[in-house]
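One is the number of the first residue; the rest follow in order along the sequence.
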Amino acid sequence: MLQKLRDKTSGWIVTVILGLLMIPFLFVIDNSYLGGVGAQNVAKVSAPPTWWRSAPSWWPVRMMWQHHEISAQDFRTRFEQERMRERQQQGENFDPRAFESTENKLAVLDQLIDEQVVRLVGEQAGVVIGDGAVREYITTIPGFLGADGKFSESNYRLALAGGNPPRTPTQFQELVRESLQQSVIPSGLQNSGFVTQAETERLLKLLGETRDVELAALPELPVDTAPVTDAQIKQWYDSHGKDFRQAESVSLEYVELNGANLPAPTAADEATLRKRYEDEKAKFTTPEQRQAAHILITGDGAEAKAAKLAVEAKAAGADFAALAKANSEDPGSKAQGGDLGWVERGAMVKPFEDALFAAKAGEVIGPVKTDFGFHIIKVAAVRGGQGKSFEEVRDTLAAEQLKADGERGFNDLAGRLVDAINKSPSDLAAAAKDVGLPMQTLGPITRTTATGIAADPAVLRAAFSDVLVQDGTASDPIALGGSSNHSVVIRVAAHTPEQALPLDKAREQVIAAIRADRQRQAGDKAADALLAKLKAGATLQSLAASEKLQLSPMPGLPRSQPVPTPEINRAIFSAPVPAEGKPSYGKVDVNGHALVFAVNKVNPGDIKEVTAEQQKQLKDQLSQIDGMAAAKAYIDAMRKRFLVQTTEANL
């Protein structure tokens with residue numbers, strides 16, 4: 001029987017059948033197994049292995065490639081950072097819905113892809129960033145410096161703990177290590193940029209260029225009062241529909257919660273404060289730190305060499321700093337005699353840290369093996385680890401407890417309101433009545449006419465969000481002004497989408513637009529007629545009386561300043577250089593009025609007026625721009641060599 005089964009299940013027919021049976025399973029396997037982008041990711045950057053640069057990209061060979069994926073969470077984090085940056089720049093003009101455009105999302109994704117390309121380039125080039133380089137970079141970050149301009153451990157810890165998201169020193173060091181690895185090659189290219197002295201001087205002449213100009217304002221044309229036919233109105237309205245829109249608007253119901261209006265909590269008793277002290281005792285204890293120095297040995301025979309150096313370093317009267325300068329292979333600390341400064345737990349790799357904190361002050365230990373090599377470590381001093389007594393921090397505890405009790409009262413009220421809303425999400429009035437708070441109304445408002453609580457950007461975003469508009473349910477509490485004890489719950493009671501303004505309501509606006517356009521065309525035609533006369537040989541002075549021109553000579557008009565307006569300045573310096581004795585003419589539209597100008601003379605900038613220091617600064621800036629362009633070109637070239645896959649549906 002077994003033999004018959006073997007006979008029946010062998011051969012090419014069975015192979016084909018099994019192959020057909022496998023096909024349905026391929027559709028339920030995560031696409032990442034087949035070389036695509038994972039289900040929870042937005043993009044993947046893949047590079048052929050260093051040992052097979054020409055490896056094909058088809059599956060399953062692609063499984064041998066190096067891959068870095070960009071998760072949806074990474075994308076959202078970066079997108080939110082970009083949103084915050086744009087909001088800070090634009091202020092009240094920031095439009096949250098417009099920011100959610102596909103173009104903005106793809107721009108952020110493109111930036112993340114470039115970063116992964118650079119990361120893969122660094123990995124393939126074998127770029128490794130040592131602990132010393134990481135520490136040296138961290139000590140130069142301005143946010144970590146104290147009042148004396150030197151690195152401050154306390155500022156460092158506070159900044160990391162208060163970051164978004166909070167990070168431990170180890171996590172931050174790995175972030176810095178990765179960033180440095182990514183920046184090595186682009187930074188090198190950027191620093192390689194240069195421009196010649198001739199290029200610098202040419203740009204200086206252009207930047208310092210002035211032009212002797214005459215402006216001619218044509219006489220004001222009479223206001224257009226000619227009739228506008230219904231056909232003209234209809235044609236203009238149909239061809240300029242986007243100019244006549246009724247903005248999206250909402251009417252809101254809201255309940256405001258303000259901790260300042262709640263009864264003040266009573267002061268905490270002694271037992272409560274002592275319990276808080278015991279629970280938070282670690283907060284009042286300074287972290288234990290070790291002032292350390294080390295000698296790092298790597299490569300062949302490192303263990304034996306390190307053992308020999310350890311004996312020398314432990315000998316009575318040994319000069320550890322001299323030994324480190326002569327033998328250490330850590331470029332970040334070698335010149336300082338191996339000095340690592342004050343180190344606390346979480347700052348070093350585990351084997352190094354365990355050995356360091358097990359030693360006593362003045363002790364030399366090692367060799368200690370880590371992924372970086374063999375270390376001989378000297379503990380110069382020990383500090384920290386002491387705590388403050390209850391009496392010393394009692395006032396602080398009392399203030400914190402009072403604040404916590406106030407926040408608890410506010411949160412309890414907010415929680416009761418949310419519970420009441422959950423019973424009937426679309427009946428905010430009933431929920432407000434349950435907790436004894438008034439329900440108020442606001443609107444209709446648009447994004448540009450928001451007042452009161454709706455003027456808060458967070459409330460405005462929620463008020464026009466698809467969820468609240470479509471569902472008609474109450475929002476979660478929204479913090480006002482970022483406050484922890486002042487928030488509001490809103491519900492969109494009515495919504496009017498953006499829509500075309502009906503012709504009967506837009507009629508007067510359309511008529512005004514038609515007349516303004518006719519007047520602009522008439523002014524443009526008059527300017528063209530004047531230019532024709534000038535090009536035929538007349539001058540502005542000779543035509544001033546007959547054409548009723550208002551002439552304004554502007555000798556020495558600078559290129560570098562937007563005067564008299566940016567538009568006029570741009571038009572003047574875009575005009576051709578005049579021939580000897582023959583001005584160069586042009587026109588420019590200024591708020592619907594045509595202006596004619598004559599460029600009589602071009603005066604190149606005088607390089608002698610620019611100091612050597614200023615010339616150097618400009619040359620350095622131009623070199624930096626050239627280097628940035630080279631770095632960008634390199635990244636673009638490497639990106640073409642790699643395989644980039646995206647899943648826009650996950651954005």
Side-chain angles (χ1 to χ4, degrees), residues 80 83-84 87-88 90-97 162 164 249-269 272-273 276 280 395-469 471-495:
E80 287 304 314
R83 185 200 306 275
M84 292 174 62
R87 183 182 293 114
Q88 290 174 350
Q90 299 181 25
E92 295 180 356
N93 296 324
F94 179 72
D95 185 343
R97 181 169 293 186
N164 185 18
S249 66
V250 293
S251 294
L252 302 178
E253 298 174 349
Y254 69 95
V255 177
E256 188 174 359
L257 301 95
N258 192 343
N261 297 332
L262 298 179
T266 57
D269 57 26
T272 301
L273 295 181
R276 187 180 186 94
E280 301 179 3
D395 291 344
T396 301
L397 290 168
E400 291 177 351
Q401 187 65 44
L402 194 65
K403 181 181 178 182
D405 290 341
E407 291 175 350
R408 186 179 300 107
F410 175 82
N411 292 334
D412 287 344
L413 178 61
R416 288 194 290 118
L417 177 61
V418 170
D419 290 341
I421 289 171
N422 289 337
K423 295 176 183 177
S424 183
S426 59
D427 191 351
L428 187 56
K433 185 177 180 181
D434 282 353
V435 297
L437 291 174
M439 188 195 77
Q440 304 176 67
T441 59
L442 179 66
I445 58 168
T446 68
R447 285 186 173 85
T448 58
T449 63
T451 58
I453 57 104
D456 186 287
V459 176
L460 191 64
R461 285 196 300 272
F464 286 91
S465 67
D466 292 337
V467 173
L468 295 189
V469 166
D471 293 353
T473 56
S475 70
D476 292 329
I478 304 169
L480 292 175
S483 173
S484 61
N485 66 343
H486 191 193
S487 62
V488 66
V489 174
I490 67 171
R491 190 183 82 85
V492 177
H495 171 253

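- Within the model, atoms CG of Leu428 and CD of Gln440 stand 10.5 Å from one another, a figure rounded to the nearest 0.5 Å.
- Heavy atoms only, all atoms of each residue included: Ala432 and Val255 are closest at CB-CG2, 3.6 Å.
- Considering all non-hydrogen atoms of both residues, Val250 and Phe464 come closest at CG2-CZ, 3.8 Å.
- Heavy-atom minimum distance, Val489 versus Pro477: CG2-CA, 3.9 Å.
- Once rounded to the nearest 0.5 Å, the distance linking CD1 of Ile445 with OG1 of Thr451 reads 6.5 Å.
- Heavy atoms only, all atoms of each residue included: Gly443 and Ser251 are closest at C-OG, 3.9 Å.
- Scanning both residues, Ala458 and Ala479, for their nearest heavy atoms gives CB-O, 4.4 Å.
- Nearest approach of Ile421 to Ala431, heavy atoms of both residues: CG1-CB, 3.6 Å.
- Here the CZ atom belonging to Arg447 is positioned 7.0 Å from the CG atom belonging to Leu460, to the nearest 0.5 angstrom.
- Leu468 contributes atom CG, which lies 9.0 Å from atom CG of Asp476 (distance to the nearest 0.5 angstrom).
- For the pair Arg461/Arg87, a side-chain contact is recorded, criterion being any heavy-atom separation below 4.5 Å from C-beta on.
- A heavy-atom distance below 4.5 Å is found between the side chains of Leu437 and Leu413.
- The structure places CG of Leu480 at 6.5 Å from OG of Ser487, a figure rounded to the nearest 0.5 Å.
- Looking only at distances, a side-chain donor or acceptor of Ser475 sits under 3.5 Å from a matching main-chain atom of Ile490.
- Shown are Thr441, Val459, Ile453; of these, the side-chain contact (heavy atoms from CB on, under 4.5 Å) with Tyr254 is made only by Ile453.
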